[in-house]
Amino acid sequence: MLALLRIIAWVNTHILRIGRQLAWIALAVMVVVILTQVFFRYVLNNALAWPDEAARFLMLWMTAFIAPSAMRWSGFVSIDMLPRALPRVPSLVLVLILLVMSLAVLVTAVGHGYNHTFGFGGKFDSSSLRVPLDWIGFESVKVKLRYMYGSLLVCVVLLIIVTVELILRSLLTLVNPNAELPANDAPDTMLSAD
Amino acid sequence: MLAFFLPVFLLLLLVGLPVFFGLLLAPGMLLWLNGQERDIALLYRNVYNGMDSFPLMALPFFVLAGELMNKGGITMRLVEFSQALMGHFRGGLAHVNILSSMLFAGLSGSAVADTSALGSTLIPAMEKNGYTRKFAAAITAASSVIGPIIPPSGIMIIYAYVMGESVAALFLAGIVPGILVGVGLMLVVRLMADRYDLPKAERIVNRGQVISPLEGWVSFVLLRINFAGVLAAAFAGVSAFLRAASVADISLNGWLVFLIFLPIAHLLLMRLRSVVSPDFRVICKKAVAPLQTPIIILGGILVGVFTPTEASAVAVAYALIISFGVLRSMQLSDLPAVFMRAALSASTILLLVGAAVAFKTVVSLSHAPEQMAAFILDLSDNPLILLFLINILLFIVGMFLDAGPAIIILGPILGPIFVDLGVHPVHFAIIMSVNLTVGLATPPMGLVLFVASSVSGEKVETISKAILPFLAVEVLVIFLITYVPAISMTIPRLTGFVQ
């Protein structure tokens with residue numbers, strides 16, 4: 001089991017590192033896109049259609065790429081009074097049950113996410129987003145909605161891998177309180193939003 | 001069957017399931033038991049649709065602007081500025097702590113950011129000045145709740161989005177309540193200063209500071225523009241009044257008025273300059289660039305130039321320009337970490353909001369609000385008594401849950417009931433926001449108590465006791481806001497954001 005955890009932890013550490021890089025870049029591009037919108041509307045008096053949708057596209061992917069890191073570092077808000085108050089073993093059992101519940105939600109979501117992304121609705125074109133291939137001599141292509149819908153599906157899949165890792169961690173701690181678990185790559189401090 | 005889903009949901013939260021999963025598991029399970037499996041697909045789609053929102057984007061941007069300002073070293077400037085204004089009173093540094101929180105609130109929408117930024121500078125300074133550490137930590141935690149009340153405010157963006165209110169109206173409605181909390185805390189400090197003989201402090205700590213020529217010019221220009229703007233706005237108000245009273249018609253082009261007042265503003269400021277000390281002047285000048293942020297945000301929204309989302313992006317751009325161009329307090333290599341922290345904390349809230357939108361659709365299907373409303377109306381049909389009871393409920397919830405998630409969960413359930421009773425939606429939003437924000441500083445689970453504890457090294461239990469007098473006055477303010485709607489509603493009404 002420890003070997004399995006090591007593998008999953010390694011995978012998570014590396015995938016989520018890439019995810020965090022992509023997420024901060026997405027946030028930076030979001031700022032640029034909105035500022036472009038403001039500039040075109042107020043300075044050039046020419047309201048652009050695409051920034052609104054492009055920024056939402058980026059925000060969805062930003063969330064998909066970085067939220068799993070937050071979950072891995074227990075950044076998902078919960079009332080943890082009961083798990084804290086219980087003795088070690090019941091507390092770990094409770095945490096395990098809660099993680100399994102979360103996993104159930106996520107696994108159910110994958111099916112719906114797949115249908116949402118690859119089903120009928122995802123085949124439609126986005127109203128204003130296109131890949132400007134005409135800049136390099138080809139015809140420009142409209143972005144399909146599924147490339148936006150897919151963000152939540154990717155998020156759910158990443159969250160599942162994280163949840164499996166967390167379940168393995170709790171199981172191992174339950175069996176052996178002194179087990180040497182692999183690091184979770186967490187920074188020293190984490191800030192919450194409110 | 002659906003009626004059971006609220007109790008199930010509460011149970012899941014109380015045993016410690018993360019709110020995000022609770023918001024999905026409770027309705028999902030009951031839809032499944034009801035054989036409405038097709039609706040579970042709807043639940044998923046609503047999470048997506050809930051997150052896919054332009055107004056919501058203000059949230060990551062305001063978090064980012066706050067992080068940038070904080071990293072850019074403006075905290076120290078605000079503290080020095082507050083101290084130059086209030087340091088010489090009895091209990092000087094306690095007043096400085098409160099005023100800094102109020103100023104900081106205009107830059108960030110987060111109580112946690114406020115506590116950690118101000119706590120790390122002010123708590124050691126207060127200890128050195130002769131305050132106990134627990135008092136210093138308590139006043140830092142108590143005053144930090146002003147952060148999400150004075151705009152910009154993360155929880156108000158969330159509330160406005162989930163409940164379909166105007167962000168601008170909520171922002172404007174939060175100004176006076178936020179100031180009221182600050183003034184209330186200052187009164188407590190004033191009373192305690194007499195009783196415990198709290199020390200005064202120096203107004204100027206670091207003498208002989210210099211300001212870079214570029215920053216000097218930036219503050220020079222900004223000060224005059226703002227001051228002339230205020231004078232021009234006052235003139236516009238007077239002329240509108242005179243016209244309405246048909247005494248005289250002195251309406252002029254707005255830009256012309258502004259240009260006329262610009263030299264007047266300059267002369268008045270030069271007059272002021274001659275009566276204050278050079279050190280005081282430099283410290284004030286150094287606070288101008290950071291404090292321009294709330295003016296840009298609120299001014300832009302008020303004048304109708306920006307939507308709140310655009311204003312938040314402009315605030316980010318301004319923070320970048322100031323910290324790189326004017327203050328030179330940041331380096332390019334600092335940026336990824338700052339952006340990443342903002343993305344990290346915004347992402348969990350965005351997921352929560354998505355789940356809340358999905359949850360809300362099932363709440364409205366379940367007839368739970370009608371049953372809740374019937375139950376609440378059975379208690380009393382007097383809105384004043386019900387508001388009292390609801391404040392107690394919110395206060396208890398706030399002790400255990402952070403303001404953002406609490407608003408996401410309770411807004412859709414409680415909001416419609418009170419709006420039906422005749423409470424204005426914006427007024428109710430402010431009652432909820434202020435109450436749940438104060439909950440951030442209430443024992444046993446208040447988030448900022450834990451932050452204050454980790455910043456100061458004092459135990460949470462000790463801070464919890466020391467904070468009680470401040471909490472008492474905050475509770476008093478909550479009731480004032482509840483029973484005097486004018487406190488929150490006047491500014492949005494005057495500016496036309498609320499009918």
Side-chain angles (χ1 to χ4, degrees), chain A residues 20-21 23-28 30-31 33-35 37-38 41-42 52 55-56 59-60 62-67 69-71 73 75-84 94-95 97-98 101-102 104-106 108-109 112-113 115-116 121 148-149 151-152 155 187 189-194, chain B residues 12-21 24-25 28 40-41 44-45 47-48 51-54 56-57 59-61 63-64 110-113 116 148 154-155 305-306 309-310 313-314 316-317 336 339-352 400-405 440 445 447:
Chain A
R20 290 197 295 277
Q21 297 295 338
W24 86 257
I25 294 169
L27 179 58
M30 262 159 76
V31 176
V33 166
I34 298 293
L35 290 176
Q37 184 186 32
V38 173
R41 172 133 36 107
Y42 297 112
D52 181 308
R56 281 189 284 121
M59 180 167 77
L60 288 165
M62 174 197 89
T63 309
F65 286 137
I66 206 164
S69 292
M71 173 152 185
W73 301 334
F76 274 27
V77 184
S78 66
I79 304 176
D80 54 358
M81 287 230 296
L82 190 60
R84 271 172 200 249
L94 176 62
V95 168
I97 295 173
L98 295 176
M101 282 177 169
S102 311
V105 171
L106 291 168
T108 316
H112 294 295
N115 289 336
H116 185 226
M148 282 174 92
Y149 291 173
S151 60
L152 189 55
C155 184
T189 52
M190 256 190 66
L191 287 176
S192 124
D194 46 10
Chain B
L12 288 175
L13 287 195
L14 284 177
V15 297
L17 189 69
V19 179
F20 172 71
F21 294 113
L24 296 175
L25 184 59
I40 297 182
Y44 177 90
R45 270 157 213 241
V47 177
Y48 175 85
M51 285 161 56
D52 182 17
S53 142
F54 187 74
L56 209 51
M57 214 173 289
L59 201 65
F61 287 166
V63 175
L64 179 59
S110 147
V112 171
S116 57
I155 56 170
V305 185
F306 306 133
T309 305
E310 289 166 347
V314 171
V316 171
F339 273 75
M340 215 180 271
R341 260 208 312 278
L344 195 67
S345 50
S347 70
T348 55
I349 298 279
L350 289 173
L351 277 182
L352 262 183
F400 298 99
L401 206 58
D402 291 354
L440 288 173
M445 297 297 288
L447 190 58

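Just so it is clear, the values below take in all heavy atoms, side chains as well, and ignore hydrogens, waters and symmetry mates. The chains referred to below are lettered A, B, ... by the order of the sequence lines, with proteins before strands, and numbering in each begins at 1.
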Q.
For a quick test of reading the model, state the closest non-hydrogen atom pair linking A:Met59 to B:Ser53 and the distance between them.
A. CE-O, 3.2 Å

Q. Just wondering, do A:Arg56 and B:Met51 contact through their side chains at under 4.5 Å, heavy atoms?
A. no

Q | Choice from A:Asn115, A:Ile34, A:Val33 maximising heavy atom contacts with chain B below 4.5 Å | A | A:Ile34

Q) Minimum heavy-atom separation for A:Leu27 to B:Ala343, with atom names? A) CD2-N, 4.0 Å

Q. Tell me, do A:Ser69 and B:Leu344 make a side-chain contact under 4.5 Å, heavy atoms counted?
A. yes

Q: Check each atom of A:Ile25 against the heavy atoms of chain B and say whether the ones under 4.5 Å are side chain, backbone, both or neither.
A: neither

**Q.** Side chain, backbone, both or neither of A:Val105 within contact of chain B (heavy atoms, under 4.5 Å)
**A.** side chain

Q) Got B:Val15 and A:Leu98 here, is their nearest side-chain heavy-atom distance under 4.5 Å? A) yes

Q: List for me each residue that meets ring pair (Phe, Tyr, Trp, His ring centres under 6.0 Å) alongside B:Phe21, sequence neighbours excluded, and say none if there are none.
A: none

**Q.** Interchain contact, A:Met30 with chain B, by part (heavy-atom threshold 4.5 Å)
**A.** both

Q: Check whether B:Leu59 gets within reach of chain A through its side chain, its backbone, both or neither, counting any heavy atom under 4.5 Å.
A: neither

Q: Take A:His112 and B:Arg45 through the side-chain contact (heavy atoms from CB on, under 4.5 Å) test and state the conclusion after the steps.
A: CA-CA 8 Å; A:His112 294 295; B:Arg45 270 157 213 241; over 6 Å; no

Q: Under 4.5 Å, counting heavy-atom pairs only, tell me which of A:Leu94, A:Thr63, A:Leu82 racks up the most with chain B.
A: A:Thr63

Q) Is there a side-chain contact between B:Val19 and A:Phe76, using heavy atoms and a 4.5 Å cut-off? A) no

Q: Determine the minimum heavy-atom distance between B:Ala313 and A:Val31, stating which atoms define it.
A: O-CG1, 4.4 Å

Q. Which bit of A:Tyr149 comes within less than 4.5 Å of chain B, counting heavy atoms only: side chain, backbone, both or neither?
A. both

Q: Find out whether B:Tyr44 and A:Thr108 are in side-chain contact, i.e. whether some heavy atom of one side chain is under 4.5 Å from a heavy atom of the other.
A: no

Q. Roughly how far, to the nearest 0.5 Å, is the CZ atom of A:Arg20 from the CZ atom of B:Arg341?
A. 13.0 Å

Q: Select one option (side chain, backbone, both, neither) describing which atoms of B:Tyr48 are under 4.5 Å from chain A's heavy atoms.
A: both

Q: Taking all non-hydrogen atoms of both residues into account, name the closest pair between B:Phe339 and A:Ala28 and its distance.
A: CE2-CA, 3.5 Å

Q) Top residue by heavy-atom pair count (under 4.5 Å) with chain B, among A:Val38, A:Asp52, A:Val95, A:Ile97? A) A:Asp52

**Q.** Top contributor to chain B contacts, counting heavy-atom pairs under 4.5 Å, from A:Ser102, A:Ala67, A:Pro83
**A.** A:Ser102

(Q) Counting only non-hydrogen atoms closer than 4.5 Å, does A:Ile79 touch chain B with its backbone (N, CA, C, O), its side chain (CB onward), both, or neither? (A) both

Q: State which residues pass ring pair (Phe, Tyr, Trp, His ring centres under 6.0 Å) with B:Phe54; sequence neighbours excluded, sorted by chain then number.
A: none

Q: List the atom of B:Gly16, the atom of A:Ser78, and the distance in Å for their closest heavy-atom pair.
A: O-CB, 3.6 Å

Q | Straight-line distance of A:Leu106 CG to B:Leu24 CG, nearest 0.5 Å | A | 9.0 Å

Q) Looking at A:Met101, A:Arg84, A:Met148, which has the largest count of heavy-atom pairs under 4.5 Å with chain B? A) A:Met148

Q.
Tell me which of these, B:Leu350, B:Asp52, B:Leu401, has more heavy-atom pairs under 4.5 Å with chain A than the rest.
A. B:Asp52

